[in-house]
Amino acid sequence: MLSTAAKPVVHFKQKKIRKRSRLNPLLPLFGLLWLLFSFYPVFYMLITSLRSQAGFLLGVPWLPSAHPTFENYLTVLQNDFQKYFLNSVIVSVVTVFLIVFVSVSSAYVIVRTKTKTVRFIFNVFLVGLAIPIQAAIIPIYVLIGKLGVYNTLLGLILPSVAFGIPLTVLILVNFIRDIPNELYESMALEGITDFGMLKSLVIPLTKPALMSVAIYNFVQVWNNFLFPLVLTQTPDVRVMPLAVVSYQGEFTINVPVLLAAVVLSALPLILAYVFGRRYLLKGLTAGFSK
Amino acid sequence: MKEQLNWQRIVMITPAIAFFIIFALGPMVMAGYFSFLDWNGVAVPKFTGFSNWINVFTDKFAGMSMLLTLKMMILTWVIQTPISLLLGVFLAGKQRYRSILGVFYFFPLLFSSAAIGITWSYILNPNFGLVNSLFHALGLSSLAKDWIGNPQLALYTIAVVIAWQFIPFHTLLYQAGTRQIPDAIYEAAEIDGATGIKKFFHITLPQLKYTITTSSLLMLTGSLTYFDLVYVMTGGGPGNATMILPMYMYKTAFMDQRMGYGSVLAIILAVIGILLSLVMLKITGFNKMESQMEGV
């Protein structure tokens, strides 16, 4: 009796799978075509960055060079690349650390405090989500000048932190809300302070969320172009996206060198994708698909 | 007592508020004040009342850049939405080859807009670029164009490059959204004899309603900030063919050094962004979105 009852279920499942793979034969075709359109330009970037200048001018542009060379990468590395790269690392790491640190403490306070003031503060952060960087850039430029940090890495870090806060707080509030009240209460019985709760309860329990927002903000800050463009001037404080544009001025005709710089400029994100794809994906979509 | 603000909590929340008010919210408000000034950023600012605001209405470039922004907004939405929707549904399937394709789809998101702008301006170069070389090799020379140098084409070309960059992100959203649709709904529909296309239009699409809203909201507000790519690829040109509002604002404030007038454009930009967010939130509502998730 049992076995006969189980059979139709199995049968039904098989039928379902067959049906689903048969539907929309056009969809897989579209999927393959998209592979060409989405990945080929990246592939072109890579194969061109491995060409010699002569190979670029004379070779078949859509095929990899028969004699790939790393010379372009060496050329880029000899042109202050490490300095720009280091500037980007400093700005991104410090900014991300500050964003996550101040956001997680505020998110904790927002979740745990039930006063009108805190409710209002949270709403102000929510409004902040809608502020485009472009709309505030003129006063920021003036302010950074007045504070005497124009053309410094600090001058890039300060506004970058501010613009990372709203979304980060929102996402972390959503996660901290899921921590059961009993945990706080039992810790409160032991006389643990708010600082203690943050350190030994909230931060350990929200680690995956903290990782996600850290990665999300890292990508944003690393790729930010407008702040460096407006708030810095000299090569000693140049960061990656701006460096790539400045290489364009320097190597106008030498496209392979330029594309090598482009590839190098995305190196941390490419490495993160290759080794920690899952985290990067989560980080990039943090808050949008929860 | 536990739910009240104490000094520890004040210490914990103050840094975020300080950063946010000084470097984000404050500047937004200051932009309002700046919009009444005639100021080059260096000399003593001159208060001119509403003259900047009146000028916006008579400035044909401002009107044009708003139209171009609107055009860009619609174009990028129209290109991105159907493609990322289909790709997201496609990638939500469990076959291994689909997840492998997904890995490659994602790459454009790893590069900064500046890097992408540079790369594409070479891919689209009229003389030695990849696109035109391919057309020539295929015997389709008539399709070879000056993609970014031609004022009739430049805006469309940039919209395509923007779509290329951001479709992977929206695909992720749609993929996650599709995966959250309960299998039971499909099974019920299959018993009723629904076929592939019917299932897509009667189940998948309605179930993705909230994902479509989220993704569209991000696309539309995002299109107000497409600055990097335009700056790198065309600088607003040829002529003014790609002078969208953020680009025009940058040009006015930082190249022509008209900080006051630039601030008017910046405020218009912010107001459009905030209005868009409010309208979209009104249509859907984040609360509704949450309760829908709970139902699943």
Side-chain angles (χ1 to χ4, degrees), chain A residues 16 19 23-24 27 30-31 34-35 38-39 41-42 44-45 61-62 102-103 105-106 108-109 113-115 118 121 128 130-132 134-136 138-140 143 158-159 161-163 165 188 193-195 223 225-226 230 241 244-245 248 255 258-259 262 265-266 269-270 273 281 285 288-289, chain B residues 2-5 8-9 12-13 15-17 19-20 23-25 27-28 30-31 34 86-87 90 101 104-105 107-115 118-119 122-123 130 133-134 169 172-173 176 187 190 196 214 224-225 227-228 232 246 249 253-254 259 262-263 266-267 269-270 273-274 277:
Chain A
K16 189 189 85 186
K19 247 190 174 173
L23 53 91
N24 306 330
L27 209 52
F30 172 64
W34 189 259
L35 179 68
S38 73
F39 188 67
V42 176
Y44 172 80
M45 209 186 268
W62 52 87
V102 304
S103 299
S105 4
S106 318
Y108 167 77
V109 176
T113 316
K114 303 269 182 300
T115 63
V118 172
I121 291 169
I131 302 181
Q134 276 80 353
I138 299 170
I140 288 174
L143 184 67
L158 295 172
V161 173
F163 278 88
I165 288 173
T193 62
D194 283 313
F195 291 135
N223 285 341
F225 181 72
L226 186 65
V230 173
V244 176
V245 173
Q248 190 188 21
V255 181
L258 201 59
L259 293 183
V262 165
S265 76
L269 304 184
I270 296 174
Y273 190 52
L281 291 181
T285 50
F288 301 117
S289 53
Chain B
K2 265 181 304 181
E3 314 222 309
Q4 296 303 305
L5 263 183
Q8 284 191 3
R9 290 184 181 179
M12 287 161 90
I13 202 171
I17 301 174
F19 266 113
F20 180 66
F23 295 103
L25 196 62
M28 250 332 290
M30 268 157 74
F34 282 12
L86 284 178
L87 284 174
F90 171 66
L101 285 182
F104 289 100
Y105 290 166
F107 270 88
L109 267 186
L110 301 175
F111 297 88
S112 66
S113 297
I118 288 173
T119 307
Y122 288 111
I123 291 178
L130 177 68
S133 313
L134 273 175
F169 175 76
L172 281 180
L173 294 186
E187 281 159 18
E190 275 158 25
T214 311
L224 296 174
T225 62
F227 166 79
D228 314 7
V232 171
M249 187 274 294
F254 297 103
M259 296 286 177
S263 297
I267 291 169
L269 205 60
I274 292 169
S277 306

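What's counted below: heavy atoms across the whole structure, side chains too, no hydrogens, waters or symmetry copies. Since the model is a prediction, treat every value here as computed from it, not as a measurement. Sequence lines set the chain letters: A, B, ... in the order given, protein chains first and strands last, and positions in each chain run from 1.
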note = Honestly, the part of I131(A) sitting under 4.5 Å from a heavy atom of chain B is side chain
message = Heavy-atom pairs under 4.5 Å with chain A - which of I17(B), I118(B), L109(B), L101(B) has more of them than the others?
response = I118(B)
message = Please classify the contact of Y44(A) with chain B as side chain, backbone, both or neither, using a heavy-atom distance under 4.5 Å.
response = side chain
task = To the nearest 0.5 Å, tell me how far Q8(B) CD sits from T193(A) OG1.
result = 4.5 Å
task = Supply the atom-to-atom distance S106(A) OG to F19(B) CZ, rounded to the nearest 0.5 angstrom.
result = 11.0 Å
query = Hey, which of V230(A), L259(A), L226(A) has the most heavy atom pairs under 4.5 Å with chain B?
reply = V230(A)
ask   = Side chain, backbone, both or neither: which part of M249(B) has a non-hydrogen atom closer than 4.5 Å to chain A?
value = side chain
request  = Measure across F23(B) and P159(A) and return the closest heavy-atom pair with its distance rounded to 0.1 Å.
outcome  = CB-CA, 3.8 Å
remark   = Checked I123(B), L130(B), L269(B), V232(B) vs chain A; the most non-hydrogen pairs under 4.5 Å come from L130(B)
key: Choice from S265(A), A130(A), S103(A) maximising heavy atom contacts with chain B below 4.5 Å   = A130(A)
OH on Y108(A) to CZ on R9(B), rounded to 0.5 Å = 5.0 Å
note = Applying a strict 4.5 Å limit to non-hydrogen atoms, the region of F254(B) in contact with chain A is side chain
message = I'd like to verify something: which residue of L158(A), L143(A), I121(A) has the highest number of heavy-atom pairs under 4.5 Å with chain B?
response = L158(A)
message = What part of I138(A) gets within 4.5 angstrom of chain B, counting heavy atoms only: side chain, backbone, both, or neither?
response = both
ask   = Stepwise, does the side chain to side chain contact (heavy atoms under 4.5 Å, CB included) test hold for V244(A) with F111(B)?
value = CA-CA 11 Å; V244(A) 176; F111(B) 297 88; over 6 Å; no
query = Got a second to check how far L5(B)'s CG is from I13(B)'s CD1, nearest 0.5 Å?
reply = 7.0 Å
request  = Evaluate the ring planes of F107(B) and Y273(A), with Trp represented by its six-membered ring, and classify them as parallel (under 30°), tilted (30 to 60°) or perpendicular (over 60°).
outcome  = perpendicular
ask   = So which of S112(B), P15(B), A266(B) has the largest heavy-atom pair count under 4.5 angstrom toward chain A?
value = S112(B)
query = With a 4.5 angstrom heavy-atom cut-off, which part of I267(B) approaches chain A: side chain, backbone, both or neither?
reply = neither
request  = Fit a plane to each ring of Y105(B) and W34(A), take the angle between them on a 0 to 90° scale, and name the class: parallel (under 30°), tilted (30 to 60°) or perpendicular (over 60°).
outcome  = perpendicular
note = Closest non-hydrogen atoms of Q4(B) and T113(A), given as atom of the first, atom of the second and distance, are C-CG2, 3.7 Å
task = Examine whether an atom of F34(B) lies under 4.5 Å from a heavy atom of chain A, and if so say whether it belongs to the side chain, the backbone or both; otherwise answer neither.
result = side chain
ask   = Where do P241(A) and F225(A) come nearest, in terms of heavy atoms and distance?
value = CB-CD1, 3.9 Å
Heavy-atom contact with chain A under 4.5 Å, split by part of S277(B) = side chain
remark   = So, the part of V118(A) with a heavy atom under 4.5 Å from chain B: the answer is side chain
